[in-house]
There are 2 protein chains.
Amino acid sequence: MSLPGSILYVVDDDVSVCRALSLLLKSQGFRVETFTSASGFLDFKHPKIPSCLILDISLPNINGFALQEIMSQRGILVPIIFITGHGNIPMTVKAMKAGAIDFLAKPFKNKELLKSVTAALVRSKVLNQGQAEVAQIKKHISTLSPRELEVFQLVARGLLNKQIAAKRGTSLQTIKVQRGQVMKKMQVKTVTELISLAQKADITSCLD
Amino acid sequence: MSLPGSILYVVDDDVSVCRALSLLLKSQGFRVETFTSASGFLDFKHPKIPSCLILDISLPNINGFALQEIMSQRGILVPIIFITGHGNIPMTVKAMKAGAIDFLAKPFKNKELLKSVTAALVRSKVLNQGQAEVAQIKKHISTLSPRELEVFQLVARGLLNKQIAAKRGTSLQTIKVQRGQVMKKMQVKTVTELISLAQKADITSCLD
DNA sequence: ATAACAATTATACCAAGGTATAATACCACA
DNA sequence: TGTGGTATTATACCTTGGTATAATTGTTAT
């Protein structure tokens, strides 16, 4: 069941838990990295492959929830399976609202965890694909000059060339040239593709 | 804090709970409808305004989870706040995974519920807007003839008129006319708008 | 100052989108 | 058998998109 080229992270301050989970997961053919603190996990260089974090809530310094928030801020899109020995309903709700893919109370059955891991890896794969696509688009966008970007945005909003020219106070010809540049740099051939890209990357608001 | 024109549903087999919640919520200015069974709620004609369902899990016949699934199948997009006297973590996870907006264990504080209700109504409003937009688009699509729909789909995929003509084995002129019909019926003036609509309604796969 | 470079614009030209009108073909219905 | 309606097609014409070439302007670097 292990997807090829996937990696599982385990973060638990209890070394024996780390060891036990690592053993279990490796026996299923998974690559596993264990950490006894949140910062250890954060320092790790995460390869861009389907992955999943099995995370204990009670940790020294940075606890599970705090790590979840940091990951969210940093755009680390690794699905989280929470595990805890002293969980309750409010904690569960909080974790799930924040985007966790599962929440298991210790002790849990091996099968439960494995099922959850499989689901997490599938989600991770989807997330990575979406992320890679958007990253590629933004990479292209970053090659646009400020004016080309502006033209791109206005085209995406459905404005005609002459409307854009009027709005910008320049000539129609300039817009045509710039629009051509945009098409070339974004590596598309038709307006349709351009619009699709614009919507995927949410061009109208993104100005980074 | 009550949004104008909103409605709250309470489903609990315990009449005293229904009464108590109704009293609390009405005191905050909300319109409230209570039901002691899931079927009662399902029979109710839900107005298309921001709304929220406060749902007990243990119910006779159709329990809370079952109702949640039925609503999902029927496309009833009302955010659910689960309440239960005998909840546990697995139940919480199940409910949240299925899309519940919150999960409260009895007894809960009035403030907790009210806060949750407010959040649910906001989400409901967003859901309704999205739903209304897509419904409007699909309504327009339903006025298209089969061939117009086909042309629409191919245009949305970025094909040129002559490519569509070749694919369909008809003349370029026919495609132009049909494309014009599509633009008129979808009530858009530019290709850009048309593509946007197509993506919102997921035209390429939708054939209903 | 001058060479080099980028941005803008003009001119010209072609392809594609879009509309209007009318002719043709096909189908259903009285 | 006609007759009205719809779909298709042809013709003609206009607008818009898109590219190539070259002239112009402004800015930067040597």
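By convention in this document, chain letters (A, B, ...) are assigned in the order of the sequence lines, proteins followed by strands, and residues within each chain are numbered from 1. Only this structure's heavy atoms are used, side chains among them; waters, hydrogens and symmetry mates stay out.
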Under-4.0 Å side-chain N/O to phosphate OP1/OP2 contact, A:Gln181 with C:dA7:
no
Could you check how far [atom1] of [X] sits from [atom2] of [N], rounded to whole Å?
{"X": "A:Lys176", "N": "D:dT16", "atom1": "NZ", "atom2": "C1'", "value": "7 Å"}
{"X": "B:Leu144", "N": "D:dA7", "atom1": "CG", "atom2": "C1'", "value": "16 Å"}
{"X": "B:Leu172", "N": "D:dT8", "atom1": "CG", "atom2": "P", "value": "14 Å"}
{"X": "A:Gln178", "N": "D:dG17", "atom1": "CD", "atom2": "P", "value": "14 Å"}
{"X": "A:Leu149", "N": "C:dA7", "atom1": "CG", "atom2": "C1'", "value": "17 Å"}
{"X": "A:Ile175", "N": "C:dT8", "atom1": "CD1", "atom2": "P", "value": "9 Å"}
{"X": "A:Glu148", "N": "C:dA6", "atom1": "CD", "atom2": "P", "value": "12 Å"}
{"X": "A:Ile164", "N": "D:dG17", "atom1": "CD1", "atom2": "C1'", "value": "11 Å"}

Which value, rounded to the nearest 0.5 Å, describes the distance between [X] atom [atom1] and [Y] atom [atom2]?
{"X": "B:Tyr9", "Y": "B:Cys52", "atom1": "OH", "atom2": "SG", "answer": "10.0 Å"}
{"X": "A:Gln163", "Y": "A:Leu172", "atom1": "CD", "atom2": "CG", "answer": "11.5 Å"}
{"X": "A:Phe65", "Y": "A:Leu67", "atom1": "CZ", "atom2": "CG", "answer": "11.5 Å"}

Enumerate the residue pairs fulfilling side-chain hydrogen bond (donor to acceptor under 3.5 Å, both in side chains) with a member in residues 175-188 of chain A, sequence neighbours excluded, ordered by first and then second residue.
A:Glu148-A:Lys185, A:Asn161-A:Arg179
Is there a side-chain contact between [X] and [Y], using heavy atoms and a 4.5 Å cut-off?
{"X": "B:Thr92", "Y": "A:Met96", "value": "no"}
{"X": "B:Leu53", "Y": "B:Phe41", "value": "yes"}
{"X": "A:Asp56", "Y": "A:Val17", "value": "no"}

Base, sugar-phosphate, or nothing: which does A:Thr170 touch, judged by heavy atoms less than 4.0 Å apart?
sugar-phosphate
What contact category does A:Ser171 fall into here, base, sugar-phosphate, or nothing, at under 4.0 angstrom with non-hydrogen atoms?
sugar-phosphate
Please tell me whether B:Glu193 and B:Thr190 have a donor and an acceptor in their side chains that are separated by less than 3.5 angstrom.
yes
Identify all pairs in which a protein N or O lies below 3.5 Å from an N or O of nucleotides 20-26 of chain C, and state each distance.
{"residue": "C:dA20", "atom": "N6", "partner": "B:Gln173", "partner atom": "NE2", "Å": "3.0"}

B:Arg147, nearest nucleotide to its side chain (from D:dT9, D:dT8, C:dT9):
D:dT8
Got a list of protein N/O to nucleotides 14-16 of chain C N/O distances below 3.5 Å?
{"residue": "C:dA16", "atom": "OP1", "partner": "B:Lys162", "partner atom": "NZ", "Å": "3.0"}
{"residue": "C:dA16", "atom": "OP2", "partner": "B:Lys162", "partner atom": "NZ", "Å": "3.1"}

Does the pair A:Lys115/A:Asp102 count as a salt bridge with the N-to-O cut at 4.0 Å?
no
